[in-house]
Every structure is written in C-alpha cells, then in structure tokens.
Amino acid sequence: MAEDSPILEIDNLSVAFGPVRVIDGLSFSVKKGEILGVIGPSGSGKSVTLRAIVGLLPMAGGAIKVFGKDYAAMKPAERLRTERRWGVLFQQGALFSALTVLENIEFPMREHFPVSPRIRREVARYKIDLVGLPAEAAYRYPSELSGGMIKRAALARSLALDPDILFLDEPTAGLDPIGAAKFDELVVALRDTLGLTVYMVTHDLDTLAASCDRIAALGKGRLLAIGTMNEMLKSDDPWLNDYFKGPRARHLGTTRDGK
Amino acid sequence: MSSGTADAAPARLDIDSTGEHTALILSGRWTGDAAREIERAIHQLDRRLSDTKDLRFDLAAIEDLDTVGAWLIVGAQNAAAATGRKIEITGGTPAQLALLRRVASTRLAPGITPAKGLPFLIRPFDMLGRAVAEAVTDTVRLATAFGEMLAVLVTSFSGRGHFRLTAFVNQFDLIVFRAVPIVMLISLVVGAIITQQTILQLRNFGVSIYVVDLAAILMLREVGLLLAAIMVAGRSGSAITAEIGSMRMREELDALSVMGVDPYRALVLPRMMALIVGMPLLAFLASLAGLAGAAIVARVYGEIPLEVFLDRLRDALSMRSLMVGMIKAPAMAFIIGLVAINEGFKVKGSAESLGRRTTASVVRAIFLVIVADGLFAVFFAAIGF
C-alpha cells in the first residue's frame, strides 16, 4: 500500500433511522498516517458516521472501503481480520466494569493472540506505560479511575492489538485543559511512533489545532468541507465561520478582529 | 504495520553461525497471531546456540512486526546480553526499529502484583468473618431504610410533603396489575397439583371429599400468598433493585438529592405503597385461582361434582382463614420491598455488582418471605387463630 493512498474511503454513505436519513451521501477519505478531525454541530451525524464505519450501524446505501477493500462485501473471516486492525475509543471509554484495567487490555489479546499469559501480561503493562498511566492503575477497576485515566485506559485497550486505524470519539471531552493537551500530545506521539492513522470525532478547537492534519466538517448528514486548518479558515461556509471565528476560538488568533 | 494477510510466511528464526558473529535471521510475521511459534522459537534459542559468540539480529526478512513480536525479540536480546554476549541489530524498517527501541526502553516496575490472597486454610474463616460483619451492617442498613421509609410515610400523609399519586398508580400497574395473569396461572397449576396428590392419598381412606377442606385452608392461609409473594419477589423485587441500582451507578440518585428531592419519597415510597396495597389483592386472586384448580382436579380425579365441591367449600371456608392470608400479605410485601431497596442502594460502580445485588435481592426476599411465613404459622397456632 502506497504511503499516501487512502486507508479508509467513504463513498456516498447513507445511514437511515426509519424514514429519516441521518447521513445522506457522505463521501471522504482518510489517508494513511494522518490524523483526521471530524467536526460538526450536534446532530450532524458525526457519531453515526463513526458507528457506521466500524459496522455498528447498518448502512442504507453507499460503500465503505477499508484498506482498499469494500467492508460490506467481505466474508466473515476477512471482516474479522479487518476489525482486528482497528481500535475504537468510545466516548465513555466502554471499559468492562467487572475487569481491572490490566484485564481489560489483556482481553482482546486473550481473544485473538495465542500468546502465553506471562508475555500477554507484560505487553499489557507495556501498553499501560505507553499511554502514560501509572503502573498502579493496572489493578484498579474502571469505577476507581478518574475521567482522564479512564480515557487513557480505554486508549490502551484500543491499542492492544496494534491497530492500523484508531477511531476516537470525543477523546478530550470532559478532560481538564492540561489533561486534554497531554492527550493530544499522546495521540500525535503514538501516530509518529506506531504509524497509526487516526480518525477523531472532536469538538475541541485546541485538539483540532494541535494535532489534526486535516479536518472534515459535517453538517446535516453531508460533508461541508474537508481540508487543513488554514483551508477551513478560508472557507466561507457560515457554520464554519462561526465555528472557527466564534468567541471560543479567539485564543487561536483566528477571529476576524483577533490579533 | 501489520499487513493482516493470512497468506504471509509464518515466523521463522534461523541461526547462521558460520560468520564472526552468530547471525539470527528473523523472517515472516512476528506478530501476535503468530505468538505461539515465536515463543517456541525463542524458547529453543538457548539450546540451539552452540557457541558464545556475539549475536547479530538480522531483521531484514521480517514482513511484519507488532508489539508482541517486538516484546519477545527484546526479551531474547536481554537474555542474551545477560550471558555477556554483545548484541547487534541489522535490517528492519525505521518504524520497526523505532518500535523495538520504544519497547526496549520500557522498564516495567518490578513487584507490582495484585494483592496476594490469604492462605488456603485461613480463607474460610476470613469469609465467615466477612459474612458476619456484612450481616451486621446489613441489619443496620435495613433498620435505616425502614426508618427513612416511616419518616417519608408519615410526612406524606400528614400533609408535610406530598404523596406522588401518579408514580404510585404507575407502579401499581407495573407491580400488581401486570402480575395478575402469571400469579393466577401459577396458583391454578399448583392448586391442581396439590389437590391431585391429596386425592390420591385420601382415596385410600375413602374420604376424598376432605380434599375440599384441605384445599380451602391451604390456599387461603398459605399457598396463595406464598406463590404471590414469590412471584412478586422475582418479578418486581428484582426490577426495583435493578432500577435503583442503575440510577445509583449513573448518579441519578445524587441528582435527586441535590435537587432537594428525597429518593425515598420520590422512588421508594410509591413502590413500597404499591407493593403493600397490591399484595393482599394478588394473594386473594391467587387463592381463588388455586381453588379453581382444585375444583377442576377434584372433578377429574376425585369424581367430586362442582356443586358438591362448592357446597363443601362453603362449610370449609371461614372468614378466619381468609384473614390469616390477608394479614400476612402486607408484611410479605414490606419484606420484599425493603430487601429490594436495600440491595439497590448497595450497588457499586460495576455492571457485575448490579447483577449480584439483583440476584441477592430475589434470593433474600424469597428466603425471608418463607421464614416469615413459618413464624406467622407458629404465631397463629399459638394464639389459636
């Protein structure tokens, strides 16, 4: 696979709940090794798109190509192999509440890798170290963790199988600015060292500015614009203007009257 | 990194000891799904190395490397380095080398192991102690819940806080009305079974007509209520525990509290009142259904016509038998409600805890209902009622 070829292609995707088309003719692609931020107002179908891509919601039309192959046309075994190559960080972490952090991270490895328990445990502890969690967190239960630690633990679990694509659903929502900034750095560092491709749904302007290579803006189930931060700032779409030049974006220096 | 294709070559580790260094030639997929072969190859490495020359890891032929593979390679390097060999790495893509470096630089803090369990022989005593302590705190908790409930009950009906009529009606529908068909069906079947067995025994003495007396007393005094109570404990006790427990997990109870709404008043009281008011009704209906089952079976097995059955029933039934059942019913409802609420408030963060508390709620409620029934039987016998 060439370096700049798309790793994920969404072609004319539609998702419907009953008669309502929530996503209607959405097309864009994610390049290998990039961090793509997906933004849009509430109800624009960001989360729905993500869930459709990872196969949690049925598509009403269109195609999703992962690693150059049509996901819907795959045979079950091939689909399973594909699913092992992506990791998903859910908004609330979705850690298994009955398992410790270490067991949560070991769980996908136990399912898919015929690795001995000792090595599995060591690799899981390595992943805990990788996402910057303290070693003591390994034996805690999710209900004993703070919000930021839950995000990191969930990230470690989504990295357990060394995925090629990482889907993050609002990874910095609910984190304090320092924690959020560290999380941004972590995602960029992981992309650089592990060669990940990151698909990130976010509302965090700082995250968009700090870590995203490109930004895709959704609105009313369609793609409003896709491009780099600078291209977004030049766009004349009213919603994008409000988004990037509104009061909360002032410190980014992008507002019309900002200095 | 990982190509994910199934047709890639399996992981191989070849040794070439002809050169100045012993070369370890790694090829194929060094990934988690090949972990078994990799671990075996590395495990055998010690035996296969015949000399103590320095090692050169040749990664040029590796198709794929992930963390599990890198972890095992680094482990092998460290083991070899510990025997005094020098290690050299050749080949490998920049990404693979970066991964190896990242893995090699990780020092897992030693000695972080989960807290060790107690010795095998001590464990039963530990469990017994915990169970006793738990029973004591549980008794206190039940008393607290009882007190809270009485307090909201008194304030609700003395006009110092309003009673939630809508919630009560809704709960009455869920807990009582929707339970009517299943409770009646079960009582019908149990009534029929008891009568059938009784007739078969009484027939030996030629007094099968007494089955009517037996059915009447048994159904009204004991069985109707017990069946209704067990069904309600299974149906509604579990539901109440799960509702309150999941509301606790999602901090909904805390939200109620900070709004100045007492969870006992908003959630507990309507359910409790529905149980207490509804249980006599359910017990009565269960008794009727049980008698109907008895009448059917008496007709089929005992050749007792319906008119004779009803005639006999009129003599056998007394207001007293009915009263015994009806007096016990609110007490049973109270036990079920109290246990369910107490277990609900005990739910902690995990889904497993919710499941365990719901199970405990049903098991304890049924157990206590049966024990209470036994105590009532002793009591009524003692006062000759």
Side-chain angles (χ1 to χ4, degrees), chain A residues 1 33 66-67 69 77-78 80-86 92 95-100 102-103 108-116 118-130 134-145 159-164 189-190 192-196, chain B residues 1-8 30-40 42-43 64-76 93-115 248-250 347-356:
Chain A
M1 192 180 292
V66 197
F67 310 112
K69 285 180 190 159
E78 197 181 4
L80 187 70
R81 272 204 301 280
T82 306
E83 283 168 0
R84 272 172 45 183
R85 294 175 62 193
W86 66 43
Q92 313 289 339
L95 291 170
F96 303 125
S97 58
L99 305 180
T100 62
L102 191 70
E103 287 164 343
M109 286 195 261
R110 193 195 300 262
E111 289 295 306
H112 293 298
F113 289 169
V115 62
S116 65
R118 189 176 62 86
I119 301 294
R120 187 174 66 217
R121 180 143 297 204
E122 286 175 5
V123 172
R125 285 178 58 196
Y126 163 76
K127 303 276 182 188
I128 289 175
D129 181 72
L130 189 67
E136 308 85 74
Y139 298 102
R140 297 231 198 111
Y141 285 92
S143 57
E144 300 164 356
L145 299 179
L159 290 172
L161 297 178
D162 283 30
D164 294 312
L190 288 174
D192 293 343
T193 52
L194 305 179
L196 289 169
Chain B
M1 278 198 269
S2 55
S3 74
T5 44
D7 47 317
W30 283 63
T31 54
D33 34 3
R36 198 172 287 134
E37 295 92 73
I38 303 173
E39 283 193 71
R40 196 180 303 130
I42 284 180
H43 195 64
D64 224 345
L65 182 71
D66 72 357
T67 309
V68 173
W71 189 265
L72 288 162
I73 292 173
V74 168
T93 64
Q96 289 169 348
L97 294 177
L99 178 62
L100 281 173
R101 267 199 305 278
R102 179 66 182 84
V103 168
S105 68
T106 305
R107 293 275 166 273
L108 295 182
I112 298 228
T113 41
R248 208 181 128 82
M249 278 166 73
R250 294 159 164 271
V347 169
K348 295 212 178 61
S350 72
E352 189 193 11
S353 152
L354 180 62
R356 210 174 345 193

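To find a chain, count down the sequence lines: A is the first, B the second, and so on, and within it residues start at 1. Predicted, not measured: the structure shown is a model, and the values here were computed from it. Any value given below was found using the heavy atoms of this structure, including those in side chains, with hydrogens, waters and symmetry copies removed.
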query: For the candidates A/P114, A/S97, A/S116, which exhibits the highest count of non-hydrogen atom pairs separated by less than 4.5 Å from chain B?
result: A/P114
- prompt: Who wins among A/K127, A/H112, A/E144 for the most heavy-atom pairs under 4.5 Å with chain B?
  reply: A/K127
message: Nearest 0.5 Å, please: how far is CD in B/Q96 from CG in B/D66?
response: 10.5 Å
- request: Give, as side chain, backbone, both or neither, the part of B/I38 having an atom under 4.5 angstrom from any heavy atom of chain A.
  value: neither
task: Could you look at A/Y141 and say if it's the side chain, the backbone, both or neither that has a heavy atom under 4.5 Å from chain B?
output: neither
statement: Closest non-hydrogen contact found for B/V74 with B/A104 is CG1-CA, 3.9 Å
- request: Counting only heavy atoms closer than 4.5 Å, note whether A/R84 contacts chain B via side chain, backbone, both or neither.
  value: side chain
query: Closest approach of B/A70 and B/V103, non-hydrogen atoms and distance?
result: CB-CG2, 4.0 Å
message: Please check if the number of heavy atoms outside A/E78 that lie under 6.0 Å from its CD is greater than 12.
response: yes
query: Measuring heavy-atom distances to chain B, does A/L196 have an atom under 4.5 Å in its side chain, in its backbone, in both, or in neither?
result: neither
- prompt: With sequence neighbours left out, what residues match A/E122 under salt bridge (charged side-chain N to carboxylate O under 4.0 Å, His left out)?
  reply: A/R118
